[in-house]
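Report on the structure given below.
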Amino acid sequence: MPKRVLITDYVWPSVEPEREVLAQIGVELVVAPSGDEATLVSMAKDVDGILTCFAKVNENVVRAAEKCMVIGRFGVGVDNIAVETATELGIAVTYVPDYCIDEVSDHVMALLLTWNRRIVPLDRSVRTTGWGSVPLTMRIMRLRGKTMGIVGFGRIGRSVALKAQAFGFDVLTYDPYVDVEAAAKQGVRAVDLQTLLRESEFVTLHTPVTPETGSLIGRAELEMMKPEAFLINCARGALIDEDALYDALTSGQIAGAGLDVLVDLAPPPNDRLFQLDNVLVSPHTAFFSQEAVLELEQRAAGEVASVLQGKMPDNLVNRDVLSHPNPRHSLSAV
Ligand code: NAD
């Protein structure tokens, strides 16, 4: 009987790319009609691998997957997968951490440019009052020579730095886990968070959410920023204290914010931040392009296919599974 992989859920038009990748090694695809726990528990029983996007592959689902060798995440975070249970049972967990670096760093620059060039109010004015009647009274700054502060100098932060440098920005970064020389090699000055906030006209966040980074940008940090500063968050909503941000935006403490993510993962249209003219918002689409999603589908399926063939995947989440005494997978630690 051919091996089978269960797709719990997906948010793109079809799973043909996944089907093609897995068919090359004779593996069949099964797609769950719903991502709820009862459905997944019953469908996981006789599959060899699982691919999941947002559905919860929780402890009950993982334990029900009696012969599963690998669980692959379509994307970066693995918080919807019971990784500890998988490791305990000898199941490999894979992910795709780097399929959308270009897209997210483009999105940061798009928010920055849309804000600075005042595209939204200019577009609205032309449509309502006509071409010649739009006064050029708003602040539009020359970007060359201004300072961009990048919080978190990982994959996306470094990509943003390259694009910002092409626009003539001086780039600062704050990342306690990156050494000063590594940043300097890219022409970026590593500083403490306070210096970054005080000196930057644009501040962009690119860290994961950890106990250290929750509400990293709170009232005190916003107070350090320049009145003409623009804060960009294309990482995770929880990095910003939203009450403090709302107050800073309405009091003029900072000039504006560009947000692709909020604390609420699906905020309602009447969210108070959306009522503000100095906020630009996009609905967690920084990762998106057709190319990025196709790459994600193919690579996530490829990771699962590797483990099913006993080959080391590119991105194994739970390395401890390699020393499991009785693993489901046949990967070797070396
Ligand atoms: P990465 O792991 O490559 O880089 C994260 C960087 O943050 C690392 O260099 C790390 O040292 C640094 N860091 C950790 N703790 C820190 C702290 N306390 N202060 C400052 N820096 C700290 O991650 P990445 O691929 O660059 O992704 C960055 C963020 O973007 C993640 O939160 C990710 O979930 C998010 N993301 C969002 C989208 C989207 O569509 N909006 C898409 C992809 C990724």
Side-chain angles (χ1 to χ4, degrees), residues 11-12 53-54 73-81 95-112 148-164 171-186 188-197 200 203-218 220-221 224 231-241 257-267 280-297 299-300 314-317:
V11 290
W12 33 89
C53 185
F54 297 121
R73 167 86 219 281
F74 288 114
V76 184
V78 288
D79 37 331
N80 61 326
I81 301 173
Y95 72 139
V96 187
D98 55 353
Y99 69 99
C100 58
I101 296 167
D102 286 325
E103 282 74 10
V104 179
S105 54
D106 284 355
H107 206 84
V108 169
M109 298 310 291
L111 289 169
L112 183 159
M148 159 90 89
I150 300 177
V151 180
F153 204 58
R155 298 179 190 91
I156 296 171
R158 289 195 300 269
S159 174
V160 171
L162 289 172
K163 292 175 188 180
V171 182
L172 304 181
T173 190
Y174 164 66
D175 187 328
Y177 305 103
V178 165
D179 69 66
V180 176
E181 278 165 30
K185 269 195 193 138
Q186 203 182 313
V188 172
R189 187 156 58 95
V191 293
D192 58 32
L193 183 59
Q194 289 72 16
T195 306
L196 180 148
L197 294 171
S200 302
V203 173
T204 181
L205 308 181
H206 299 289
T207 74
V209 176
T210 66
E212 267 182 318
T213 61
S215 291
L216 184 69
I217 304 299
E221 289 71 27
M224 291 175 201
L231 175 65
I232 301 170
N233 189 3
C234 289
R236 287 291 178 264
L239 298 176
I240 299 180
D241 170 348
L259 308 171
D260 187 53
V261 284
L262 269 78
V263 173
D264 186 345
L265 296 183
L280 286 175
V281 67
S282 54
H284 201 159
T285 48
F287 72 94
F288 186 75
S289 73
Q290 270 77 26
E291 288 85 347
V293 169
L294 179 61
E295 181 180 333
L296 175 64
E297 293 180 74
R299 286 179 57 196
D314 293 333
N315 294 292
L316 181 64
V317 174

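As the structure lists them, so they are numbered: ligands from 1, and atoms in each ligand from 1. Values reported hereafter were calculated over all heavy atoms of this structure, with side chains retained and with hydrogens, waters and symmetry mates removed.
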Nearest heavy atom to atom 14 (C) of ligand 1, choosing from Phe153, Tyr177, Tyr99, belongs to Tyr177
Are the side chains of Val151 and Thr207 in touch, meaning some heavy atoms are under 4.5 Å apart?
-> yes
Cationic N near anionic O, under 4.0 Å, Arg299 to Asp98 = yes
May I ask you to identify the nearest protein heavy atom to atom 43 (C) of ligand 1, giving residue, atom name and distance to one decimal place in Å?
-> Cys100 SG, 3.6 Å
Ligand 1 contact by Cys234, heavy-atom criterion under 4.0 angstrom | yes
Residues Leu205 and Ala235: closest non-hydrogen pair is O-CB, 3.4 Å
What residue and atom, counting heavy atoms only, is the protein's closest point to atom 20 (C) of ligand 1, and at what distance?
-> Pro176 CD, 3.3 Å
Atom 42 (C) of ligand 1: the protein heavy-atom neighbour that sits closest, reported with distance to 0.1 Å = Val104 CG2, 3.5 Å
Nearest heavy atoms of Ala161 and Val188, plus distance in Å | CB-CG2, 4.0 Å
Closest by any non-hydrogen atom to atom 44 (C) of ligand 1: pick that one out of Ile101, Ile156, Leu259, Thr213.
-> Ile156
Does ligand 1 have an atom under 4.0 Å from some heavy atom of Asp260?
-> yes
Starting from atom 12 (C) of ligand 1, locate the nearest protein heavy atom and write down its residue, its atom name and how far away it is, to 0.1 Å.
-> Asp175 OD2, 3.1 Å
How far is atom 1 (P) of ligand 1 from its nearest protein heavy atom, and which residue and atom is that?
-> Arg155 NH1, 3.8 Å
Between the main-chain N or O of Ala184 and the side-chain N or O of Arg189, is there a donor-acceptor pair closer than 3.5 Å?
-> no
Using distance alone, decide if ligand 1 has a nitrogen or oxygen within less than 3.5 Å of any nitrogen or oxygen in Phe287.
-> yes
Is a donor on one side and an acceptor on the other found under 3.5 Å between the side chain of Ser105 and the backbone of Asp102?
-> yes
Considering only protein heavy atoms, which is closest to atom 4 (O) of ligand 1, and at what distance to one decimal place?
-> Gly154 CA, 3.2 Å
Gln186 side chain to Arg158 backbone, donor-acceptor under 3.5 Å = yes
Smallest separation among heavy atoms of Ser200 and Leu196, with atom names | OG-O, 2.7 Å
Give the single entry among His107, Arg236, His284 that approaches atom 33 (C) of ligand 1 most closely by any heavy atom.
-> Arg236
Around atom 28 (C) of ligand 1, find the nearest protein heavy atom and jot down its residue, atom name and distance.
-> His206 O, 3.4 Å
Against heavy atoms of Ala235, which atoms of ligand 1 measure under 4.0 Å?
-> 29 (C), 30 (O), 32 (O), 35 (C), 37 (C)
Please name the pair of heavy atoms, one in Cys100 and one in Phe287, separated by the smallest distance, quoted to 0.1 Å.
-> CB-O, 3.5 Å
Check step by step if side chain to side chain contact (heavy atoms under 4.5 Å, CB included) holds for Arg73 and Asn80.
-> CA-CA 9 Å; Arg73 167 86 219 281; Asn80 61 326; 3.4 Å; yes
In the protein, what heavy atom is nearest to atom 31 (C) of ligand 1, and what distance, to one decimal place, separates them?
-> Thr207 O, 3.8 Å
